[in-house]
Amino acid sequence: MEYVNLDAQVGDLSNVLDPTRYLEHLPSIAGDLPPGARAFATDTGHYDFRSERCVKDLELQHVRSGGGADDAVEIRLRHNCWKHDADLVIRYTGVSSFKTTTPEADHWTNLGTLILDEILPHENGCSHELAFWNGTLTVICRDLVADRIKAECCTETPPAQRRTLPGD
């Protein structure tokens, strides 16, 4: 990540997540972001750790390629029952690059929980880097649309009985 610090030092605390530099830089680049990416990046709750709209602690649930001429990709991030009331679905259009890195160079399913993300202007539209505990996912696309889907919280349901999405 260029601006979001995933390993900040605050007093005696280390490994602190700090999006401050990105948030300070965002007003100067927001106009260069495509409309959907700009709306998502500048959402007031996006980097507010107390907000239900914060991306921190979402878990990557699926990645789907739409194929076709538009080179579309969709990712779904599952809510954390202690923090969020909705899943996050991000639809990327005009995808020119989709890369994942994990310590084992394994499949995206092992990325784990989202730490933070960063959206920057790119000559093809925007780049969206998502940092997870076990690796990163980086998408370069023409634009993206982020939608929140109301979730039924599963805190009292045994894991074997939890609902899954169609196609999972």
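All values derive from a computational prediction rather than experimental measurement. As a basis for the values below, the full set of heavy atoms in this structure was taken, side chains included, without hydrogen atoms, waters or symmetry mates.
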* Measure the acute angle between the ring planes of His128 and Tyr92, then classify it against the limits of 30° and 60° as parallel, tilted or perpendicular. => tilted
* Short side-chain to backbone donor-acceptor contact, His46 and Phe40, under 3.5 Å -> yes
* **Leu58: which of Thr113, Leu88, Leu130 passes side-chain contact (heavy atoms from CB on, under 4.5 Å)** => Leu88
* With hydrophobic residues grouped by side-chain heavy-atom distances under 4.5 Å, do Val63 and Val139 end up in a single group? -> yes
* Asked: Of all heavy-atom pairs between Ile140 and Ser127, which one has the smallest distance, and what is that distance?
  -> CG1-CB, 4.1 Å
* Side chains of Phe98 and Thr138: does their closest heavy-atom pair fall under 4.5 Å? -> no
* Asked: When you look at Leu114 and Trp133, which way does the side-chain contact (heavy atoms from CB on, under 4.5 Å) test go after all the steps?
  -> CA-CA 7 Å; Leu114 183 60; Trp133 286 112; over 6 Å; no
* Asked: Which heavy-atom pair separates Pro34 from Gly125 by the least distance, and what is that distance?
  -> CD-O, 3.4 Å
* Decide salt bridge (Lys or Arg N to Asp or Glu O under 4.0 Å) for Asp147 and Arg91; before the verdict, give the C-alpha distance in whole Å, the side-chain angles of both, and the deciding distance to 0.1 Å. => CA-CA 8 Å; Asp147 290 314; Arg91 293 176 188 89; 2.7 Å; yes
* Asked: Is any side-chain heavy atom of Glu74 closer than 4.5 Å to a side-chain heavy atom of Val89?
  -> yes
* **Minimal non-hydrogen separation, Leu60 against Phe132, with atom names** => CB-CE2, 3.8 Å
* Once you round to the nearest 0.5 Å, how far does CZ of Arg64 lie from CZ of Arg76? -> 8.5 Å
* Under 3.5 Å, is there a donor-acceptor pair between the Asp117 and Tyr47 side chains? -> yes
* Is there a side-chain contact between Leu120 and Cys126 (heavy atoms, below 4.5 Å)? -> no
* Asked: How far does CD1 of Ile75 sit from NE2 of His62, to the nearest 0.5 angstrom?
  -> 9.0 Å
* To do: Treating Ile, Leu, Val, Met, Phe, Trp and Tyr as nodes and any side-chain heavy-atom pair under 4.5 angstrom as an edge, say whether Leu111 and Leu77 lie in one connected cluster.
  => yes
* Structure fact -> Value for CD (Glu129) from CG (Leu137), rounded to nearest 0.5 Å, stands at 9.0 Å
* Closest non-hydrogen atom pair, Leu33 against Pro121 -> CD2-N, 3.4 Å
* Asked: Between Ser96 and Asn124, what is the shortest heavy-atom contact and its length?
  -> OG-ND2, 3.0 Å
* Have Asp143 and Thr93 got a donor and an acceptor in their side chains that come within less than 3.5 Å? -> no
* Asked: Is it true that Asp71 and Arg142 make a salt bridge, defined as a side-chain N closer than 4.0 Å to a carboxylate O?
  -> no
* What is the minimum heavy-atom distance between His25 and Ile29, and which atoms define it? -> NE2-CG2, 3.2 Å
